[in-house]
Amino acid sequence: MSWMFMRGSIWKYLQCGQYGRTGDSLHHFPPAFFFNSEPEEVLSIDEPSASADEEMDSAILFGVMRGNVVGLSYYTGVVNNNEMVALQREPSNPYDKNAVKVNNVNGDQVGHIKRELAAALAHIMDSRLAKVEGVVPFGAKNVFTMPVQLSFWGKDENRQVVLNHLKQYGFKLDPMAKGFGSNWITKRAGPSYSAPVLPAVQMSAEQLMTEFDKLFEDLKEDDKTREMEPAEVVGTPLLPHQKQALAWMVSRENSKELPLFWEQRNNLYYNTLTNFAEKEKPENVLGGILGDDMGLGKTLEAIALILTNFHDGKPLPVEKRENDQSYQKCNVTEKPEKCEKGNTNKLGKRKCEKGISKLHKEATCSFQKDTDFDLALAEPATKVKRKAMKKGAIVSQCSAKVVSEKKTRATLIVCPLSVLSNWIDQFEQHVKPTVHLNIYVYYGPDRSKESAVLSKQDVVLTTYSVLTHDYACRSNSPLHKVKWLRVVLDEGHTIRNPNAQQTKAAVDLEAERRWILTGTPIQNSLKDLWSLFCFLKLKPFADREWWHRTIQRPVTMGDQEGLRRLQALVKNITLRRTKTSKVNGKAVLELPERKVFVQHITLSEDERQIYESVKNESSAVIGRYFNEGTVLTHYADVLALLVRLRQLCCHPHLAKNTSFSGIPGDSTPEELQEKLVNKIKLVLSSGSDEECTICLDSLTFPVITQCAHVFCKPCICQVIRSEQPDAKCPLCRSELRLEHLVEFPLEESETSVVEKKSKEWLPSSKVSALMHSLTELRKKNPMIKSLIVSQFTAFLSIIETPLRESGFVFVRLDGSLTQKKRIEAIQCFQSSAPESPTIMLLSLKAGGVGLNLTAASRVFLMDPAWNPAAEEQCFDRCHRLGQKKEVIITKFIVKNSVEENMVKIQDKKRELAAGAFGTKKMSSSEMKQAKIKEIKALIDI
DNA sequence: ACCGCCGGGTGCC
DNA sequence: ACCGCCGGGTGCC
């Protein structure tokens, strides 16, 4: 199993923390299992293109036949020998409703499929019985007609239907037999698109992972190891690997080479995959994917790039500040008012208090979530940071000097809201203070709609939500009018869903150079990668058909050649270093060692007694569900029981407020409401990996329906809107009402619950073990700082008591803190002052991507996480760039308990996560089986 | 299109 | 000749 790709899943996890803050979402645990649904039902809500895509993933070759393309002289599209062509239905054709257009790789029409054949194909294509693909064997000199080799791909169960249908029209498919068939395609239609005769042996996921591992294992290529000094205005000295990144990025931006798989032949540029040729030189991708692992300094690398490579390798011309006077003039002089923590309204949006100057609210007021739904723009929300404004619009007005360059100099940076302020900080930190850089934060209701304002900037910062929102009304979106010098997508894996508006909004930006920053370039599936290639405008892969035919299908079918192509492609445009990767054999970053210990805990007799009795009760209930076959319909209840057991492993008091709700029956609306709230809280906080079955992504803005199914609010609202007046639950078809949706109460503090109990405080075996370790550690070295991590914030509260009693100074970081308090807590903890806290109580999922707790070199993980990636992410908060000490992690696991079983499941998940790339999602029945197995394993049935 | 097909002109040897 | 044959017009769907 590869460590590197473990990181991948961790990163995905991180990303969930950032947006949803609620659920894990491992790709191999699609949502269907929980909701007891068939994926087909879900797909029907999705765009047709998405489902077509799914179908193609499992397509087999039905056979091939020869056909004819006619009417060539009427169209401009030309085709080479052995060039791939696309077939497209044209039902609106006035002469023949069966018409089938033939287009070349460029999308130019070449001709039509001959009438009689089109008559046979129309139905097959319209009802998606098969995808029909063409290759023209001799295309070059045909004037009126040309032959085309058609291959039919589809689901196995449609094979006979297609064959019979064709037969009715007098056509017959040749099976892809040796000799003519496969040879023909293989040898003549570009490099190997061969379809094995036997059922495809899928390359195992592990194999694929290993193959990809090798790509970045040890970077030896010249262009990735050469170093470059940044422009003089970059105030921070770059580390060697950062100079390498800069050199590589600059070389990519200034590349005059042809893109991969293109050759110059005679006077034409020739694509060796599709055999397409054209006169115009295909643009290379002036950019790529910066896939460095977190902590290696992607932000700094990007800032260095912006300042260092303006045109022809020359640095960005910037204004030097003569004295601070000119700067002062530009300042926002009005003193910003403080904005108190907003109240949380029904939608979970945090509103700032009324009457506060719109312009000068602090980051504290900003939305915690960056979702399409947050309607941030309609709200009187925020300027993200006052200093942003300082540098932003107001400054730019007085920086009269416009660089004579006709081209725009502006770089657009798109990032999640949670890292927006980080970008501003980093610019401030890394750009010499003597330099004036125009940075405009395009965010908030007062953002300029003048594209001229934006194009004048050096840097424009915005968020994915704003980008997507603007895209919806493109005509009014300056973002989409400016021809950017450069667009940088930070946390670029957020555009991994090619059907999402967010992705489309990003792809639609016009830019000379395009970059994706992400810690997880290769996340789960090839399709994720395709989104990135779309954004990079990688010819010809931005078109799904060519991507599919040249890369995705060959790879998923186990074609070695296809895999090599994919590898070459990824390697060509990606720079990725991990904490452990090496450059010419030398570690890119020396990190101190990290050791994980498991401390087994034996429950006291009293604790064991309670545990066993609850366990027996739970086993009985779950056993009954098993017998009834209703485990999955009672999934939330099962989770509740399991959570209770896990809590009992930590502290008996914890389990008291997780009552088993049972089946909602004749309860009052208030009770039902409460039960639903409890259910959604449970599902989201249990650490199981739930996803929204509509967007198939991690839950953003989770809501629960009356029928107890959880979706993203935007997703389910769209369903309700489109199915009005009688919308049905996508999962169980029960009636849906907008007003019945129950939301996940954000950031609820659980301290009140525990405070009541604090009078009757009792220790537990686990707490005692922790306290023992902590006091021992303090004796040994009182300066060492520790993280105490739990998924149960109430447990953290319980731990507070003995910490106080033993005189430990500690801070606490969990989801209930405001942004401001959060920052305070982190700064306080990171401080090296002698009286600074040595302990941080940390809720497992608190904080976003960048949470840096390197002051700690000890981690006490109080309870095992459902998802091992969550633990890894948590460990990485202190085991990262800047950590000077050895990191020692202690995991407390109660013997003979659900916790031990969770550890076993974790191990299995690690294996799965390592192999997630290139595998399809499990079918819903496989999923159910997996989930049932998991529950069985957890409760020992 | 150096084809096929259409339809008009034409018609012993 | 209700044929054959000739040669011009013509041509995706």
Side-chain angles (χ1 to χ4, degrees), chain A residues 48-49 52 55-56 59 61-154 158 161-174 180-181 184-185 188-190 193 266 268 271 274-280 540 543-546 548-549:
Chain A
S49 59
E55 282 168 34
M56 283 308 287
L61 181 65
F62 296 163
V64 298
M65 66 178 286
R66 182 68 76 94
N68 279 300
V69 187
V70 295
L72 305 193
S73 52
Y74 298 90
Y75 306 101
T76 53
V78 287
V79 174
N80 270 300
N81 286 349
N82 302 316
E83 184 172 332
M84 293 182 170
V85 287
L87 271 62
Q88 186 193 2
R89 279 279 288 123
E90 190 190 16
S92 61
N93 187 301
Y95 303 95
D96 183 358
K97 63 177 169 34
N98 292 325
V100 176
K101 290 207 287 183
V102 177
N103 304 329
N104 71 8
V105 174
N106 227 12
D108 299 323
Q109 185 170 358
V110 176
H112 279 104
I113 290 290
K114 209 167 150 51
R115 194 182 202 105
E116 298 77 15
L117 181 52
L121 295 186
H123 172 244
I124 292 171
M125 293 175 76
D126 291 343
S127 23
R128 296 181 189 283
L129 289 169
K131 174 92 179 80
V132 190
E133 295 178 354
V135 174
V136 173
F138 317 105
K141 284 176 196 157
N142 299 293
V143 190
F144 302 103
T145 70
M146 60 167 110
V148 61
Q149 186 76 1
L150 301 177
S151 33
F152 292 69
W153 300 82
N158 290 331
V161 187
V162 170
L163 290 176
N164 289 343
H165 182 81
L166 287 171
K167 209 173 181 178
Q168 278 178 27
Y169 288 82
F171 297 102
K172 192 171 151 280
L173 287 190
D174 291 315
F180 172 72
W184 191 89
I185 293 256
R188 309 243 199 115
Y193 308 104
N266 307 321
L268 292 175
N271 183 266
T274 57
N275 292 323
F276 172 75
E278 63 180 346
K279 274 215 180 84
E280 270 173 59
D543 184 306
R544 210 179 70 225
E545 175 155 358
W546 311 123
H548 227 283
R549 288 174 66 173

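Convention: sequence-line order gives letters A, B, ...; per-chain numbering from 1. Values reported hereafter were calculated over all heavy atoms of this structure, with side chains retained and with hydrogens, waters and symmetry mates removed.
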Review point. What distance separates A:L163 CG from A:Q168 CD, expressed to the nearest 0.5 Å?
Key: 12.0 Å

Revision key, fill the gap. Within residues 67-79 of chain A, those residues having any heavy atom closer than 4.0 Å to DNA chain C are A:V70, A:G71, A:Y74, A:Y75

Check your understanding: Checking only heavy atoms, does the side chain of A:N93 share a donor-acceptor pair with the base of C:dC13 at less than 3.5 Å?
Key -> yes

Point to revise | Pairwise C1' distance for C:dT10 and B:dC5, with rounding to whole Å | key: 9 Å

Tabulated below should be each protein N or O lying under 3.5 Å from an N or O of nucleotides 8-10 of chain C; please produce it.
none

Point to revise | Atom pair distance, as rounded to whole Å: CG in A:L121 and C1' in C:dC13 | key: 13 Å

Practice item. Check the distance between B:dA1's P and A:K141's NZ and give it to me in whole angstrom. Key: 13 Å

Review point. Rounding to the closest angstrom, what is the interatomic distance between C:dG11 and B:dG4 at atom C1'?
Key: 10 Å

Review point. Nearest-Å distance, CG (A:D96) to P (C:dC13)?
Key: 8 Å

Point to revise | Integer-rounded Å distance: C:dC13 P and A:Q109 CD | key: 12 Å

Review point. Who does C:dG9 pair with, Watson-Crick or G-U, both distances under 3.5 Å?
Key: B:dC5

**Study point:** Passing option when A:V85 is tested against A:N103, A:V105, A:V148 for side-chain contact (heavy atoms from CB on, under 4.5 Å)
**Key:** A:V148

**Study point:** Aromatic-base stack, A:F144 on B:dA1, cutoff 5.5 Å, angle under 30
**Key:** yes

Review point. What pairs meet the ring-ring contact (aromatic ring centres under 6.0 Å, His included) rule with one or both residues in residues 80-101 of chain A, with sequence neighbours excluded?
Key: none

Study note, to complete from the structure: Rounding to 0.5 Å, atoms CG (A:N104) and CE (A:M84) come to a distance of 13.0 Å

Practice item. Scan residues 68-92 of chain A for pairs that pass ring-ring contact (aromatic ring centres under 6.0 Å, His included), counting only residues two or more places apart or in two chains. Key: A:Y75-A:H112

Exercise for review: Quickly work out the A:L117 CG to C:dC12 P distance and round it to whole Å.
Suggested key: 17 Å

Point to revise | Sugar-phosphate only, base, or nothing, as touched by A:K101 at under 4.0 Å among non-hydrogen atoms | key: nothing

Practice item. Please state how far atom CG in A:L87 lies from atom P in C:dC12, giving the value in whole angstrom units. Key: 19 Å

Point to revise | side-chain hydrogen bond (donor to acceptor under 3.5 Å, both in side chains) involving A:N271 - partner list, sequence neighbours excluded | key: A:T274

Check your understanding: Expressed in whole Å, how much space separates the P atoms belonging to B:dG8 and B:dC3?
Key -> 24 Å

Review point. Got a second to check how far A:N106's CG is from A:E278's CD, nearest 0.5 Å?
Key: 5.0 Å

Exercise for review: Round to the nearest Å and state the distance from A:E116 atom CD to C:dC12 atom P.
Suggested key: 13 Å

**Study point:** From A:D174 atom CG to A:M65 atom CE, the distance as rounded to the nearest 0.5 Å
**Key:** 9.0 Å

Check your understanding: Between A:E545 and A:K131, is the closest basic N to carboxylate O distance under 4.0 Å?
Key -> yes

Check your understanding: Is there any ring-ring contact (aromatic ring centres under 6.0 Å, His included) pair reaching into residues 116-136 of chain A, and which pairs are they, with sequence neighbours excluded?
Key -> A:H123-A:H165

Exercise for review: Calculate the interatomic distance between A:M125 atom CE and C:dC13 atom P; express it in whole Å.
Suggested key: 16 Å

